[in-house]
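Here is the structure we will look at, set down as structure tokens.
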There are 2 protein chains.
Amino acid sequence: MKTETELKDFIKNGSRMYVPGLTIDCVIFGYHDRQLKVMLGGYKGLGGFGLPGGYVKRTELLSIAAERTVKEKTSLDNLYLEQFYAFGDSPFRTTKVNIHPSIANTWLAERTFSIGYYALVEFSKVSPEPDFLLDSLEWFDVATLPTLLFDHNDVVSKALEHLRINLYHKPIGYNLLEKKFTLPEIHSLYETILDKKLDRRNFPKKLLSLGLIKDTNEVRKIGQHRSPRLYTFDKKNYQTALKEGIVLVI
Amino acid sequence: MKTETELKDFIKNGSRMYVPGLTIDCVIFGYHDRQLKVMLGGYKGLGGFGLPGGYVKRTELLSIAAERTVKEKTSLDNLYLEQFYAFGDSPFRTTKVNIHPSIANTWLAERTFSIGYYALVEFSKVSPEPDFLLDSLEWFDVATLPTLLFDHNDVVSKALEHLRINLYHKPIGYNLLEKKFTLPEIHSLYETILDKKLDRRNFPKKLLSLGLIKDTNEVRKIGQHRSPRLYTFDKKNYQTALKEGIVLVI
């Protein structure tokens, strides 16, 4: 937890350590049981919610800055972050920032471009902790977001667009489903993210034919008459697909 | 054409007009008859080839800066530019730039992030003209690029990756083929960009079933025994697909 003195020093001298005019915004999507959410922070003193974000250190790699930002702001570590877009078109991004008297005429008031990164986690399995600039971190349904600070509604929309397109070209699910899952479970995952119905017969066939998932030869006993087969990810094929890309026809 | 005096003024005072530390790099792909090329500039005094690029004006929208940069550097206008990635990880992007004595200790030597945009044109139909910083503008085969300045080989690779993925989600071809074209012609376009074979029967069916192309009921007389049917883009469906996205299963 940073003290008031440290915050004042950041406002006054932060540009010695950080690149001015360029931030990172992180769209952390959360999935659990047919729900898709996004993590938003309640910003102290600004009276609103926005994405967790931060600055890049002067000699830091951009991708490392994204990982550090997520960790500092939310305490979450080892997320698979994907860069998706750079923002510099909104009125919030073409003029000086004027959101709080404490930063007027400081380096923080300069026009700011932002690079967006997104990640997708199982929201019931993580425990985000807000940093000193945030009052809270909360999960919001992507379908019913409030009006966010700056251009962050646009940033979330663009992230969602990229997440959906990426679904056809990179496998997902490894950290979102149990180690062994039923076909309806992985089906729901894809339907929820794409926000559309997928064919119940053909869709799992495609995942099987790409070798991404495989039959465990086990079943889950739900009741006397229901015992769906259990599947698991083929770790090797999954890693190869992540690296080389796929074309998923669903 | 800028004079030597103007160049000196840009080096000394450019940061009054432009945002320091952030450039735009433009990957202009060119297609013609089964060939995919990329436009590179011979940079004066740097002894190598690199992508056309430039800085963003202080209150200019990022997307407008990309259009202006392409026009200033290459004289090409009205390209459909797609932003694809922001570069800040290469050693060229984490330390000060030290490529020429004339810019040492100026704003141009600061660490520079870059936002990449790409476009795709019919290279036999455009006449690029280099600006005052370039000796030449030339088309290079994407498969056999030389070692480029800075991290520009990585920038081209990333652009190609995005162009290929986008092929499944946005229609292309409108400015690349004649107004009326044969199925083998559009087939070759997709095969050349994807650098892979596509099924000769199924592929055109997909384009037809999405309503992107339609039969003109005309044929092209090639010889006594060859008169392939001619197709054209359905302008309305094409525009809708550009705006709303498609999932092309090929």
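- Heavy-atom neighbours of B:K12 NZ from other residues, nucleotides or ligands within 6.0 Å: at or below the threshold of 12.
- Contact of A:S63 with chain B is made through backbone and side chain together, with heavy-atom distances under 4.5 Å.
- Top candidate by heavy-atom pairs under 4.5 Å with chain A, chosen from B:T94, B:T95, B:N166, is B:T94.
- Taking non-hydrogen atoms and a 4.5 Å limit, the residue list of residues 22-31 of chain B in contact with chain A, ordered by number, reads B:L22.
- With a 4.5 Å cut-off on non-hydrogen atoms, B:T59 touches chain A through its backbone and its side chain both.
- If you measure heavy-atom distances from B:E110 to chain A, the contacts under 4.5 Å come from the side chain alone.
- Contact annotation for B:Y85: both backbone and side-chain heavy atoms come within less than 4.5 Å of a heavy atom of chain A.
- Between A:F150 and A:F92, the ring-plane angle classifies as perpendicular under the 30° and 60° cut-offs.
- With rounding to the nearest 0.5 angstrom, the CG atom of A:L120 is 6.5 Å from the CG atom of A:N175.
- The CG atom of B:L145 lies 8.0 Å from the OG atom of B:S157; values are rounded to the nearest 0.5 Å.
- Heavy atoms of B:I115 lying under 4.5 Å from chain A belong exclusively to its side chain.
- Remark: aromatic rings of B:Y168 and A:H169 are close, center separation under 6.0 Å.
- The residue among A:G245, A:G88, A:P91, A:G116 with the most heavy atom pairs within less than 4.5 Å of chain B is A:G88.
- With ring centers used as reference points, A:Y190 lies under 6.0 Å from A:F203.
- Both the backbone and the side chain of B:R58 come within contact range of chain A, with heavy atoms under 4.5 Å apart.
- Ring geometry for A:F10 versus A:Y18: interplanar angle over 60°, hence perpendicular rather than tilted (30 to 60°).
- Looking only at distances, a side-chain donor or acceptor of A:Q83 sits under 3.5 Å from a matching main-chain atom of B:A86.
- Side-chain contact between A:L212 and A:Y174 is absent, with no heavy atoms from C-beta onward closer than 4.5 Å.
- Two rings, from A:Y231 and A:F181, have their centers 6.0 Å or more apart.
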